[in-house]
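Below is one structure, written out as structure tokens, with a few remarks after it.
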Amino acid sequence: MTRIPPRRAGALLATVCAGALLGCFGAGAEAPPPPEPPVSDQEAMQFALRAERFYRSLEGVPLAATITFTNRELHQYFPTPSAFSDYYSSLATMARQETLRDGEARQVRIREFHFDGADQAVVEVVLTGKHERELRFWDVDVERRDIWRRIDGVWVIVPEKL
């Protein structure tokens, strides 16, 4: 399960610590209430599930292969066919440059995500696979940062242009 960063717990801890410091030093002003999160907990959970489904679909498939590119299921996570092409090209290039054996990630996990507003999220992902050279038996971790936006109520990936 994806771990949602403890944004409320951190804000509560900061408020409690600030209040304790003010009490110790005799300041009479109360700390302001923590800011409201940009999305509700339910919306955050729905986003997390959608993002998790997308990244799980990248596990165990050759990232730089035509069969993956033509997978219609992957296209539903992008606003346009050209956005999918941009993302896929970037991902396939990254897999080749980072020496993933057969361009395949054995495991894809979301390291963390946060919301930059009500309609934008940033997801940090780690793709793990074997090194392309068999004598290098260790795993290779490829880190990626993706921007997701909510368009017409649906969270989609909006890749940077190449």
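Given the structure is predicted, the values throughout are model-derived calculations rather than measurements.
- How far NE2 of H114 is from CD of E124: 7.0 Å, rounded to the nearest 0.5 Å.
- By the ring pair (Phe, Tyr, Trp, His ring centres under 6.0 Å) test, F84 is found to be paired with F69, H75, F78, Y88, residues two or more places apart in sequence or in another chain being considered.
- Checking side-chain atoms of Q120 against main-chain N and O of G117 turns up no donor-acceptor pair under 3.5 Å.
- Atom CZ of F47 is separated from atom CH2 of W155 by 6.0 Å, given to the nearest 0.5 angstrom.
- Closest heavy-atom contact between A83 and P159: O-CG, 3.1 Å.
- A cation-pi arrangement, defined by a distance under 6.0 Å to the six-membered ring centre and an angle within 45 degrees of its axis, is absent between R149 and F115.
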Set out, in order, the CA-CA distance, both residues' side-chain angles and the distance that settles side-chain contact (heavy atoms from CB on, under 4.5 Å) for Y87 and L74, then state yes or no. CA-CA 11 Å; Y87 183 88; L74 294 177; over 6 Å; no
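- Atom CZ of R144 sits about 9.0 Å away from atom CG of L58, to the nearest 0.5 Å.
- When atom types are taken as modelled, the side chain of Q107 and the backbone of T128 share no donor-acceptor pair closer than 3.5 angstrom.
- Remark: R53 pairs with L49, R50, Y77 by the side chain to side chain contact (heavy atoms under 4.5 Å, CB included) rule, at least two apart or across chains.
- The side chain to side chain contact (heavy atoms under 4.5 Å, CB included) check on Q76 picks up E73, with sequence neighbours excluded.
- Each of F54 and V156 belongs to its own hydrophobic cluster when Ile, Leu, Val, Met, Phe, Trp and Tyr are linked at side-chain heavy-atom distances under 4.5 angstrom.
- Other residues sharing the hydrophobic cluster of V122, ordered by chain and number and joined by side-chain separations under 4.5 Å: I147.
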Determine whether V108 and V125 satisfy the following criterion, side-chain contact (heavy atoms from CB on, under 4.5 Å), listing intermediate values before the conclusion. CA-CA 7 Å; V108 181; V125 182; 3.5 Å; yes
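- Remark: R109 pairs with no residue by the salt bridge (charged side-chain N to carboxylate O under 4.0 Å, His left out) rule, at least two apart or across chains.
- No single ILVMFWY cluster, assembled from side-chain heavy atoms under 4.5 Å apart, contains both V158 and V39.
- The main-chain N or O of D86 is never found under 3.5 Å from a side-chain atom of S89 such that the two would form a donor-acceptor pair.
- Atom OH of Y55 is separated from atom CD1 of I157 by 4.5 Å, given to the nearest 0.5 angstrom.
- Residues forming a side chain to side chain contact (heavy atoms under 4.5 Å, CB included) with E143 (at least two apart in sequence, or on another chain): R111, V126.
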